[in-house]
Amino acid sequence: MRDGAESQISADLLEWYDREARVMPWRVGPAERAAGERPDPYRVWLSEVMLQQTTVAAVRDYFRRFTERWPDVAALAAAEDADVMAEWAGLGYYARARNLLKCARAVANDHGGRFPETADALRALPGVGPYTAAAIAAIAFDEPAVVVDGNVERVVSRLFAIEAPLPGAKPELTRLAGTITPQARPGDHAQAMMDLGATICTPRNPLCGLCPLRRDCRGYAAGLQTVLPRKAPKPEKPTRRGFAYVAVGPAGGVLLERRPDKGLLGGTLGFPGSDWAEAPEPAPPFRAEWQPGGQVRHTFTHCHLELQVMVTRAARPGMVARDAFRPGDLPTLMRKVWDAAQSAL
DNA sequence: AAGCCGTGGGG
DNA sequence: TCCCCAAGGCT
């Protein structure tokens, strides 16, 4: 790499971003930002939490619905837990939704309704880790924080041709990311790194011919752009099985239960079921003539799941009324269970 | 500190 | 079909 290349890299990146920045509902574009417009910290925070391990395409509609229903942090802080969980249903990683509410209430109650303005202070909020704190500080408050997400790890590992595998190489990648983080326009720099990683410096088949940083990319020079970053191999996913029980009363009521906050699908609504294991025992929630419905296959982060859906027509106390039940309020697995039950109902 | 925690799209 | 993986955080 050429001498003084770090400042050249950030300048080239920002020049590219000024031309190519993607338009997003939570983003203040480079031209508006230069004209003095500032992003709403609430919207920056909400989008960053939704975007944790989640694609932009998946987030868009959720972000729109959340901000229409809860336009500011005070409104969200006053929301019911069940309403937020229902609105989050389908987006995954449900601890984020629980922490989202905790965080909104902390901001409302302990910070006078305003988000803290430094990465260190933001880091203390529930659901806000090193990445999210740095991103909010840079984008909303112009702090030259070093923002390191999966995109930045990939871009930097290629730019500097770092062959050590992740996650061990993360501290070194963070240090190197710091060397190309400018004092001016830190928010645009962070968003430019995301855009570059998402559209040019992609995981497979990076479009190096279009890359504004190609001149200074050691990985490209060494022909390593498609093999970096190296990663530790992933463990195999075991397959678990179980039963799920869908009871529908004569008036259309549905038996649902809320799962405990800890563990898989924590805090979400769903149908009663058995343990999930290699050879699970049936565990109907009450005595009835349970008929087999369809089967459901679903894959989580760390295991495959196959559920045998069982169905009965029976009324029970505590059922959710037909009009109050919306499958869209359930996590995806339970929507699949509901769909698989329909054939037998 | 390594394992746990969803989902949908792309190759 | 199957694997990869996407703007990570928590414990």
Side-chain angles (χ1 to χ4, degrees), chain A residues 22 24-27 39 43-63 85 88-100 102-103 122-140 145-155 166-168 170-171 174 177 187 189-199 201-206 226 229-240 259-268 270 276 296-305 330-336:
Chain A
R22 292 179 292 171
M24 297 179 198
W26 49 84
R27 176 179 280 183
R43 294 166 66 88
V44 174
W45 162 73
L46 179 61
S47 67
E48 289 299 342
V49 172
M50 287 184 166
L51 287 161
Q52 290 166 5
Q53 297 290 287
T54 308
T55 58
V56 169
V59 164
R60 273 207 158 84
D61 285 347
Y62 283 86
F63 180 83
M85 294 307 292
W88 194 277
L91 196 55
Y93 284 135
Y94 297 95
R96 292 185 296 172
R98 289 179 269 123
N99 285 328
L100 192 79
K102 282 188 199 166
C103 183
L122 287 159
R123 177 71 183 77
L125 294 169
V128 178
Y131 161 75
T132 304
I136 298 171
I139 295 168
V146 181
V147 179
V148 182
D149 70 334
N151 287 304
V152 174
E153 289 175 355
R154 185 170 58 255
V155 170
L166 285 166
K170 172 130 188 180
T174 299
H189 170 81
Q191 294 175 98
M193 291 289 279
M194 318 279 184
D195 282 14
L196 188 73
T199 65
C201 197
T202 51
R204 289 164 298 212
N205 305 321
T226 60
R230 300 191 194 280
K231 295 191 176 182
K234 312 225 155 126
E236 190 174 330
K237 288 181 187 184
T239 296
R240 296 180 189 161
R259 304 171 67 86
D261 278 351
K262 303 275 183 192
L264 205 52
L265 302 177
T268 65
W276 298 344
V296 165
R297 300 182 58 163
H298 193 73
T299 298
F300 295 111
T301 305
H302 59 284
C303 72
H304 302 289
L305 180 64
L330 306 179
T332 300
L333 169 66
M334 294 298 170
R335 295 181 201 177
K336 290 184 184 178

Report the nucleotide, chosen from [options], that has the shortest atom-to-atom distance to any side-chain atom of [X].
X: Thr132(A); options: dA6(C), dC10(C), dG8(C); value: dG8(C)
X: Pro130(A); options: dG8(C), dA6(C), dG9(C); value: dG9(C)
X: Arg154(A); options: dA6(C), dC10(C), dC5(B); value: dA6(C)

When you match Lys262(A) and Lys231(A) each to their closest nucleotide on DNA chain C, which lands nearer the 5' end?
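By nearest-heavy-atom nucleotide position, the 5'-most residue is Lys231(A).
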In whole Å, measure the gap between the P atoms of dG9(C) and dG8(B) for me.
22 Å
Distance test, side-chain N/O of His302(A) to OP1/OP2 of dC5(B), below 4.0 Å
yes
Quick check: do Phe300(A) and Lys237(A) have side-chain heavy atoms less than 4.5 Å from each other?
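SC-SC contact between Phe300(A) and Lys237(A) ruled out.
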Any side-chain heavy-atom pair from Cys303(A) and Trp276(A) closer than 4.5 angstrom?
no
Whole-Å distance separating the [atom1] atom of [X] from the [atom2] atom of [N]:
X: Glu236(A); N: dC4(B); atom1: CD; atom2: C1'; answer: 18 Å
X: Arg98(A); N: dC5(B); atom1: CZ; atom2: P; answer: 11 Å
X: Trp276(A); N: dC4(B); atom1: CH2; atom2: C1'; answer: 14 Å
X: Leu166(A); N: dA6(C); atom1: CG; atom2: P; answer: 11 Å
X: Arg22(A); N: dA6(C); atom1: CZ; atom2: C1'; answer: 11 Å
X: Leu122(A); N: dG9(C); atom1: CG; atom2: P; answer: 12 Å
X: Met194(A); N: dA6(C); atom1: CE; atom2: P; answer: 13 Å
X: Asp261(A); N: dC10(C); atom1: CG; atom2: P; answer: 15 Å

Identify whether any heavy atom of [X] sits under 4.0 Å from a base atom; if not, whether one sits that close to sugar-phosphate; answer base, sugar-phosphate or nothing.
X: Met24(A); value: base
X: Pro126(A); value: sugar-phosphate
X: Val49(A); value: nothing
X: Trp26(A); value: base

Please confirm whether the backbone N or O of Glu153(A) pairs with a side-chain atom of Lys170(A), one donor and one acceptor, at under 3.5 Å?
no
Backbone N/O of Gly266(A) and side chain of Arg98(A): donor-acceptor pair under 3.5 Å:
yes
Donor on one side chain, acceptor on other, Gln52(A) and Arg96(A), under 3.5 Å
no
Going by atom types alone, do Tyr131(A) and Glu48(A) pair a side-chain donor with an acceptor below 3.5 Å?
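A donor-acceptor contact under 3.5 Å links the two side chains.
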Please walk me through it: do Leu330(A) and Thr268(A) pass side-chain contact (heavy atoms from CB on, under 4.5 Å)?
CA-CA 7 Å; Leu330(A) 306 179; Thr268(A) 65; over 6 Å; no
Once base and sugar-phosphate atoms are separated, protein heavy atoms under 4.0 Å mark nucleotides 6-11 of chain B, 5' to 3', with B, S and - as BBS---
